[in-house]
2 protein chains.
Amino acid sequence: MSTSIIGKLEALHPLPDKDKKLLHAVVGRGRTLKSGEDIVSEGDHTDIVHVIIEGHGYRYKTLADGKRQIIGYLVPGDFCDLYGFLLDKMDHGMAARTQCQIAELTEEHILMLTSRPALARALWWSELVNAAILREWLVNMGRRSPSARVAHILCELLVRLQVVGQATADGFKLELSQAELGDTVGLTTVSVNRALQRLRGSKLIVQAGREITIPDVAALKRFAAFDPSYLHFRQDREDRP
Amino acid sequence: MSTSIIGKLEALHPLPDKDKKLLHAVVGRGRTLKSGEDIVSEGDHTDIVHVIIEGHGYRYKTLADGKRQIIGYLVPGDFCDLYGFLLDKMDHGMAARTQCQIAELTEEHILMLTSRPALARALWWSELVNAAILREWLVNMGRRSPSARVAHILCELLVRLQVVGQATADGFKLELSQAELGDTVGLTTVSVNRALQRLRGSKLIVQAGREITIPDVAALKRFAAFDPSYLHFRQDREDRP
DNA sequence: CGGCGCGTTGAGGCTTCTCAATAGGTGTGG
DNA sequence: CCACACCTATTGAGAAGCCTCAACGCGCCG
């Protein structure tokens with residue numbers, strides 16, 4: 001199931017069939033990681049590039065006092081450490097949040113992929129989007145209310161998961177605990193819980209356990225001041241003249 | 001004075017003399033921007049790559065309600081939008097904080113530079129560092145106390161400005177108002193002011209207007225939990241076996 | 001001299017955090 | 001099958017801290 005990878009890259013840049021086949025061949029089946037395992041640990045050096053085929057993970061940093069900050073989500077199709085072999089040690093860790101299928105590509109694989117112009121461009125784009133997401137998260141933490149922060153993350157997940165076929169038009173399964181949401185948006189578990197309650201109270205979301213339904217997507221986006229253009233998906237670009 | 005550019009890139013990756021000469025020739029003198037002007041505005045498309053030769057700036061995003069979040073500092077040697085011509089619109093703006101000398105490189109210039117392996121690698125590195133800084137800022141906002149946030153920013157500026165010869169071993173000129181510091185770390189002006197007072201009170205910094213002196217750099221770094229490895233400078237790498 | 005940007009200070013309100021306890025769900029071992 | 005440990009979600013109460021509002025001083029500039 002490397003279709004999510006192709007889907008994700010094609011959301012950024014169109015790919016010839018040949019490139020899709022190459023991608024499919026190179027990625028293969030992948031290795032299975034258990035939930036909670038590190039894909040790459042903080043401070044590790046890695047020669048290989050990890051790609052999420054199936055499952056969810058996150059990037060994180062740990063502080064001396066044990067606090068943790070989540071600095072990115074990994075969803076199917078994400079290249080975790082495209083640049084990893086350039087660095088001698090990773091400045092952050094990556095962990096599997098659910099059971100994951102992970103492809104491990106060598107530098108030769110990457111060179112093979114990046115020798116194709118369309119693929120190289122798509123991968124380059126995906127790195128630009130990663131940086132854009134970091135910038136948007138910074139805005140989220142710095143300048144939005146707790147409820148809006150949580151709402152913004154939910155909006156982003158909705159869109160990102162839709163691209164890889166893991167969300168419907170109005171909902172998805174949230175693969176995160178409230179503690180992990182808090183480590184993402186800079187709040188405590190208690191505050192995240194109350195923020196979610198407020199969102200439920202104002203009917204912006206409906207929750208059944210980890211299943212999130214968004215009755216009025218436009219309303220939630222408005223509340224969160226969510227503007228998907230930072231994700232730089234092609235459809236956003238083509239919507240405009 | 002494109003020495004800062006060379007200094008900055010060489011801090012990441014060694015460059016042959018030939019490449020330095022090329023860089024020098026391509027960058028030239030640059031255009032002068034007045035303090036407060038936008039280098040590139042939010043939503044703009046730009047075909048050219050802007051490089052800071054002299055002066056200080058920042059990246060920012062503005063929210064609908066007028067709040068602003070600063071999402072990066074631009075110091076001499078920084079390539080503002082290396083990837084800009086790929087995007088059809090910038091997802092954030094860049095502004096000059098002081099009077100600036102800005103070089104404007106065309107796509108041909110960039111292709112000329114990136115055809116040199118060492119230069120290409122250095123530029124690639126600089127983008128990796130930009131992303132690493134964003135991740136560290138996320139940790140800063142999410143999980144550190146107000147004083148530690150401000151202290152961390154000061155530590156980062158000390159190190160980054162040292163690389164381009166704009167800081168001494170224990171101090172530099174802070175080209176930011178307290179309001180701008182607040183827009184960086186997610187605090188109000190009042191809170192930034194009080195955070196700085198606490199830092200002064202505990203003798204971690206000495207201020208004479210915008211001139212910052214750090215009597216005990218190690219102490220400030222300890223207080224801020226500042227680990228410069230995320231900046232990926234060569235000296236850090238070579239310090240270790 | 002007046003306006004303006006910036007740093008500083010004070011007081012009060014509000015929100016988040018901390019601490020603590022409870023309940024539901026899951027998985028394990030007896 | 002039950003007891004138990006553990007994780008997660010939820011709730012309450014109090015303390016602490018940040019934000020809002022407001023005022024003032026200072027230096028700079030026209």
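Computed from a predicted model, the values in this text were never measured in an experiment. All chains are named by letter (A, B, ...) in the order of the sequence lines, taking the proteins before the strands, and each is independently numbered beginning at 1.
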Whole-Å distance between C:dC17 C1' and B:R143 CZ? 11 Å

Nearest-neighbour nucleotide for the B:P146 side chain, D:dC18, C:dT8, D:dA9 considered: D:dC18

How close do A:P76 and A:I53 get, counting heavy atoms only, and between which atoms? CB-O, 3.5 Å

What is the distance, rounded to the nearest whole Å, between atom CG of A:D183 and atom P of C:dC17? 12 Å

Say you draw a straight line from CG of A:L154 to CG of A:L181; how long is it, rounded to the nearest 0.5 Å? 6.5 Å

Expressed as a whole number of angstroms, how long is the span from B:E175:CD to C:dG5:P? 19 Å

DNA chain C: A:S145 or B:E180, which has the more 5' nearest nucleotide? B:E180

Protein-nucleotide distance (B:R149, atom CZ; D:dC18, atom C1'), rounded to Å: 10 Å

With respect to the phosphate group of D:dA9, does any side-chain polar atom (N or O) of A:Q207 fall under 4.0 Å of OP1 or OP2? no

Working to the nearest 0.5 angstrom, can you tell me the gap between A:H56 NE2 and A:C100 SG? 8.0 Å

Compute the centroid of each ring, for B:W137 and then for B:Y73, and state whether the two points are separated by less than 6.0 Å. yes

Winner on side-chain proximity to A:V190, out of D:dT8, C:dG7, C:dA20, is C:dA20

Is it the case that the base of C:dG10 and the side chain of B:R194 share a donor-acceptor contact (distance under 3.5 Å, atom types as modelled)? yes

For the residue pair A:H152 and A:F226, does the interplanar ring angle fall in the parallel (under 30°), tilted (30 to 60°) or perpendicular (over 60°) class? perpendicular

Mind checking if B:R200 touches a base, just sugar-phosphate, or nothing, with heavy atoms under 4.0 Å? sugar-phosphate

For a quick check of understanding: with a heavy-atom distance under 4.0 Å over all strands, which category does A:G186 fall into, base, sugar-phosphate or nothing? sugar-phosphate

Give a yes/no on whether any side-chain N or O of A:S191 is located under 4.0 angstrom from OP1 or OP2 of C:dC17. yes

Within this structure, what is the CG-to-P distance between A:D65 and C:dC17, rounded to whole angstrom? 15 Å

Nearest to the side chain of B:Q178 - C:dG7, C:dT9, C:dA20? C:dG7

Rounded off to whole Å, could you give me the CG-to-C1' distance for the A:L174 and D:dA9 pair? 13 Å

Kindly say whether A:K67 contributes a backbone atom to a donor-acceptor pair with the side chain of A:D65 at under 3.5 angstrom? yes

Of the listed nucleotides C:dG7, C:dG10, D:dC18, the one nearest the side chain of B:N193: C:dG7

CZ of B:R144 versus C1' of C:dC17: gap in Å, rounded? 19 Å

Using a 4.0 Å heavy-atom cut-off across all strands, classify B:L187 as base, sugar-phosphate, or nothing. sugar-phosphate

B:T188, nearest nucleotide to its side chain (from C:dT18, C:dG7, D:dC19): D:dC19

Once you round it to whole Å, what is the distance between P of C:dT16 and CG of A:L196? 13 Å

Given D:dT11, D:dT8, C:dC6, identify the nucleotide with an atom nearest to the side chain of A:Q197. D:dT11

